[in-house]
Structures are given as C-alpha cells and as structure tokens.
Amino acid sequence: MNKPIHYTDEPLGDLEIIPDFLPSPDELVLKQQQTKVTISLSTETVDFFKAAAKRHNTPYQKLIRQLLDEYVAHQKHKASKP
C-alpha cells in the first residue's frame with residue numbers, strides 16, 4: 001500500500017494569480033449543429049474509411065463527415081470568387 005500523505009502548514013512562497021484561460025463549458029460544445037442522416041455507401045467506400053480511421057485511431061464516420069465538410073467549404077469558397 002502507499003504511504004499516507006502528511007500535509008504541513010508551511011508557507012507556499014510567492015504566488016501569482018493568473019487569469020482564467022480555459023474555455024467555458026458552453027465554448028466546449030460543438031461549434032456546428034449536426035443533423036443525422038441515413039446514407040447507403042458502397043462496401044468498398046466504407047472499407048476504405050474504416051481502414052483509414054483505424055490507422056488514425058478515429059471513428060470512420062468522423063472521417064467521412066470531415067471530408068464532406070471540407071468539400072462544402074471548398075465549393076462555397078469557389079462559388080464566392082468572381
């Protein structure tokens with residue numbers, strides 16, 4: 001077993017109060033609203049994303065969502081150019 005910790009009332013020295021730099025809980029919530037959809041994809045496509053997700057230790061649905069988000073952002077940027 002671990003030895004119990006014995007605390008003392010020794011002075012802590014010079015302390016400095018720093019401003020709160022952590023985001024509030026509201027700021028930790030996802031920035032974008034999400035909508036659930038049902039979509040049929042080819043087995044080859046799903047297998048590709050599952051393999052990629054496994055290599056990067058992330059859910060394959062997240063990779064698909066990020067790919068679609070990037071595509072939409074690119075298309076919006078492209079459409080905004082004269």
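Small disclaimer: the values here were computed from a predicted structure and weren't measured.
How far OH of Y60 is from OG1 of T45: 12.0 Å, rounded to the nearest 0.5 Å. Considering CD of Q61 and NZ of K50, their distance stands at 8.0 Å, rounded to 0.5 Å. Distance check: K54 NZ to L63 CG gives 14.0 Å after rounding to the nearest 0.5 Å. For the atom pair Q34 CD and K36 NZ, the distance stands at 8.0 Å (nearest 0.5 Å). Separating the CG atom in L67 from the CD1 atom in I64 is a distance of 8.5 Å, to the nearest 0.5 Å.
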- Determine, step by step, whether L12 and L15 satisfy the side chain to side chain contact (heavy atoms under 4.5 Å, CB included) criterion, reporting the C-alpha distance in whole Å, the side-chain angles of both residues, the deciding distance to 0.1 Å, and the verdict. CA-CA 7 Å; L12 298 176; L15 300 178; 4.1 Å; yes

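The heavy-atom pair separating P59 from A53 by the smallest distance is C-CB, 3.9 Å.
Under the 4.5 Å side-chain criterion, counting only non-hydrogen atoms from C-beta, H77 is not in contact with H74. Between F49 and L41 the shortest side-chain heavy-atom distance does not fall below 4.5 Å.
Heavy atoms from other residues, nucleotides or ligands lying under 6.0 Å from CZ of F48 number 12 at most. By the neighbour-count criterion of 12 heavy atoms within 6.0 Å, atom CD of E44 is sparsely surrounded, having that number or fewer from other residues, nucleotides or ligands.
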